[in-house]
Each structure stands twice: as structure tokens, then as C-alpha cells.
> 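There's a structure below that I have some questions on.
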Number of protein chains: 2
Amino acid sequence: MVRYHKQTRILVAIDCIIFGFDGSELKLLLVQRGLEHEKGKWSLMGGFIQKDEDFVEGSARILNELTGLEGVYMEQLYAFGDVNRDPIERTVSVAYFALIDIHKYEKQLNEDYHAEWFPIKDTPKLIFDHQQMVDMAKEKLRYKAAFHPILFELLPEKFTLPQLQSLYEGIFDYQFDKRNFSRKLQSTKLLVKQKDKDKESSKKGAFYYKLDKRRYAANFHAFLNLIPNPGNLK
Amino acid sequence: MVRYHKQTRILVAIDCIIFGFDGSELKLLLVQRGLEHEKGKWSLMGGFIQKDEDFVEGSARILNELTGLEGVYMEQLYAFGDVNRDPIERTVSVAYFALIDIHKYEKQLNEDYHAEWFPIKDTPKLIFDHQQMVDMAKEKLRYKAAFHPILFELLPEKFTLPQLQSLYEGIFDYQFDKRNFSRKLQSTKLLVKQKDKDKESSKKGAFYYKLDKRRYAANFHAFLNLIPNPGNLK
DNA sequence: GCAAAAGTGTTCCTTTTACACCCATGG
DNA sequence: CCATGGGTGTAAAAGGAACACTTTTGC
């Protein structure tokens, strides 16, 4: 087989930044590293890309190993290539972020993987450049969520407006006016009001909504103004 | 030295999508491939990442080899990892896009590299997945240019409003109203009107403008509404 | 003096914001 | 009956879009 000569071949890893929302705050799924070096330290879920595996397959495999989930929203974040980012051996990492409905992740894989959800604002020290990856993922999530209806990926099938609003508020770290928020989200026509209410979090109860799946698919890339004063973003 | 065992090491390349603007249309810089396979076919400028080189150094090196330029705007676009994207040997490619003032690129390196500018709407067939890279870069450029003052990187130090407008019109493939365009761009406060005019392209002449560099640096990440109807973007 | 491109103002409409009260219910 | 959180409307302001005429000057 013909090959390129005299070129350096490098390990290529995939690391996954896995976000979840528990109904009140944004969380990050971390694992305790099993590999020899830095064993026991907290890290993102990752692994080396295999011989016959592309990035989509690789990231899905890694997510599935940890959570058992399939068909989850994943998006490439960035490729990290600093020469010494892994002190053992040079490794390029392609980072993906995933948004999952935290309630679908019920498996007790903690035993196998020592995985744990951490509030995004209170995460342990991470190995290598993983904190940088998390920071970049948070920023990208904010940016994207400001204009695209992406955060629904974090919610269960049925959700209430107050839940949706606390999700946005958690991510943008800002309190929105509930009248304006409701009007804005309703105007996307993505929400279908249900007949039943969530009575968990209040006496009056809040109506459930579902996504209009057709419209959602059509508008996923559409450009909506979902938060006030987007001019303050970067 | 400790290493990870039994893992696949892969070639990692960097490919550069180099955009330029000649005053009337957007162009792409391509080279004729020098490597054995597909020799003579048009391709993006690229190369393998070196042993002690990170992505920033690598992309700058590659751009510099082709154009002689330094200090150019470059941004990581995406990492491409399909197993068979390079038929010779599996190669992961990290694509960067660059925006350059076409007039600064005066070197006749065509002899060395067989490089040539092509109108973005009329490019030759490219090797591997390079067309996909170009398409993605165009889309990202559009998206970014709609909200961030990024296109100035394509212009010379002094430019006129009509030039700026044709740049935007070329990229968005749409005619803007010059009154609204002028007002919108002026309202960014990024432009400093000069006393002299460009008399090349009209009898009356159009005033030159320069960037307010302080404000530009401060607003580079700021969020501006630079084009009409951004809701049509994706 | 005319053709060609530059430059500039106003009006209308849509969108965004700020803001406060009533409703339903469980205890 | 009252405390708690859910739900809704309006008015004022700002921003965006549509639109046409005057200016300059080289030929």
C-alpha cells in the first residue's frame, strides 16, 4: 500500500462535553479517568479514534459507552492540537459537545465508569486542557442558544414554560421577564400546548408543552431572536 | 518514554481555505498539488502537521509558504475525519480559513506553487473533500459576517463605502439599499472618514474610510446587525 | 450638458422592552 | 384565607425597511 513517507503520525482522540439539565441547573457529566496516567482524576469522557471509525461514529461510540444513549444531539466543537496537551504522548483531540435529557440517563454506570453529574458552576479540576474545552463549549452553547432553538434537546418531551425559562436563565445567567419570554417563545410556533399540567412545582400547576416536531425540524437552523439584548453577546 | 499502547496513530493535515477580495468579487486561492497522487489537480493549500508544531503554528506556516504573508486573520473551521477522505492513507484534516487583502499578496509564487485566484462562484474541481471544506467555509463566513465586523480583513487599509457594500453584496449574493447600508455601517462607529477620495471607479469619487483600530479591536467580537433580514440565514 | 456613480432624509411599520395585576390551588 | 407560583396585556421606544432626489465631475 502506498503511504506518505517521513510524516509524523499522531494519536487522535475524541473528547465529549456532555451537558444535561435537571430542571433547575445546567450540569456536566464527568468521569474518573481509568488510564494509567492521572488515574482517578476527573476528566471528560473520551477515547482514541479507531482505525476504521470516523468522528461521528467515534463520538457516538464514546457517548454510548458512558450513557447507553443513542441518537443524541452532538456537534463538533473544536480541534485541540497543542503539542504538550497530553503529557504522555502527543495527542490531537477533536472535542464534541452533546446535549441530553438528563432523565433519559438513568443507567447506573457510575460503578463502571465512575461518572458523575456536576453543576456547571461547580466542577472539579480537570485533566489536561479539558477545562478549556468545557469553557469553549459553554460559550458556544450560549451563542448558539441565543439564536437557534437548540436547548430543547436538554428537555424531556413534555416541559413547562417556567422550566424552559429557568433553563435559559441558567445558561445566560440572567433573569428574563416572564411575559416577554413567554411571548417570544410562543411566537416561534414551535410549542404545542398540552391539556395537562405539571403540578410538581406549584399549586396552580403549569401547562405542559411539547415541541411541534415538524416545525422544529424545519426551524432548527432558522434564525430566531430568543433572548433579550443579544448585542451583549460575543 | 511512556506511550499509549495499541492505538492507531494517524496523519494530521492542515488545509487552508484562503479568501481574498479584489474589489468586485470574492476569490479563493488554490494550488496545483505537488504530491505524487492526484498531481496537477487543484487543491487547497495544505500540509502535514509537524512533530513540534501546534495548529496555529502549522496553519501560519502553510499560509506563509504560499503567500509570504504573516499576521493574517485565520480561524479554525472544522476537523474532517472521514476514513477514506484521502485515498492514499488515512489523514485527519483540520481546516482553517484565512481572510487576506488580495493586494498584499503580490508575490509571484505561481511559479513555485502554481497558485491561482479563482472567483468563488467558478472554481475548478478539487481533490478529496476540499469542495466540502470550501462550502463550509463560505457558509461560516456568511454567518459570521452577518453579525461581526470580520470582512474588513479582506479590504486594504483605505476603502470606500461602495467597495465595502459590494463586498457584502458579493458574500450575501444580494443587493442592499445603499442608504440603509451606509447608515448601518456608520452606526458601528468603526469607520473613520478620510479627506481624500478614490477617483478610480467614478467621476465624482468616493470618500475613503479607515478602520478605527481601537474600536475595531474592542468590537471584533461584538454583536452587530450588519445585514438586512438576518432571519433568512441558517 | 449629460451620463454615471456618490451621497443623503423621512416615513412607516415591526419588534422589543418595561411594567403590574389577576388567577388557581394546596395547605 | 392566604401564600405561592402561573399566566396574561398595553403603551412607549427603538430599530429596520422602503423609498427618490440632488451632487459632482469627466468626457
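Computed from a predicted structure; not experimentally measured. Every chain is numbered from 1, with letters handed out A, B, ... down the list of sequences.
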> Using heavy-atom distances to pick each residue's nearest nucleotide on DNA chain D, tell me which of B/Arg179 and A/Lys178 is more 5'.
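By nearest-heavy-atom nucleotide position, the 5'-most residue is A/Lys178.
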
> What is the distance, rounded to the nearest whole Å, between atom CD of B/Gln165 and atom C1' of C/dT8?
14 Å

> Taking atom types as modelled and ignoring hydrogens, do the side chains of A/Tyr73 and A/Glu75 form a donor-acceptor contact shorter than 3.5 angstrom?
yes

> Is it true that the side chains of A/Asn64 and A/Arg61 contain a donor and an acceptor less than 3.5 Å apart?
no

> Could you tell me how far apart A/Gln175 (CD) and C/dA18 (P) are, to the nearest whole angstrom?
14 Å

> Are the side chains of B/Leu29 and B/Met45 in contact, using a 4.5 Å heavy-atom criterion?
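Sidechains of B/Leu29 and B/Met45: no contact.
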
> Could you go through the ring-ring contact (aromatic ring centres under 6.0 Å, His included) check for B/Tyr168 and B/Tyr174 one step at a time?
CA-CA 8 Å; B/Tyr168 274 84; B/Tyr174 194 80; over 10 Å; no

> Give the first and the last nucleotide of DNA chain D, reading 5' to 3', that has any atom under 4.0 Å from a heavy atom of chain B.
D/dG16 to D/dG26

> Can you find a pair of side-chain heavy atoms, one from A/Phe97 and one from A/Cys16, that are under 4.5 Å apart?
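No, side chains not in contact.
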
> Between B/Ile62 and B/Asp15, is any pair of side-chain heavy atoms under 4.5 Å apart?
no

> Pull out every residue in residues 195-211 of chain A that has a heavy atom closer than 4.0 Å to any atom of DNA chain C, ordered by number, or say none.
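Of all residues in residues 195-211 of chain A, the ones placing a heavy atom under 4.0 Å from DNA chain C are A/Lys199, A/Lys203, A/Lys204.
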
> Rounded to the nearest Å, what distance is computed from the CG atom of residue B/Asp177 to the P atom of nucleotide C/dG9?
14 Å

> Do A/Phe220 and A/His148 have their ring centres less than 6.0 Å from each other?
no

> For A/Leu226 and C/dT16, what is the distance between atoms CG and C1' respectively, to the nearest whole Å?
14 Å

> Check whether any side-chain N or O of A/Lys27 sits under 3.5 Å from a backbone N or O of A/Ile120 as a donor-acceptor pair, and report yes or no.
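No; judged by distance alone, with no hydrogens or angles, the pair does not exist.
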
> At 4.0 Å (heavy atoms only), tell me whether B/Asn225 reaches a base, stays on the sugar-phosphate, or touches nothing.
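Result for B/Asn225 = sugar-phosphate.
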
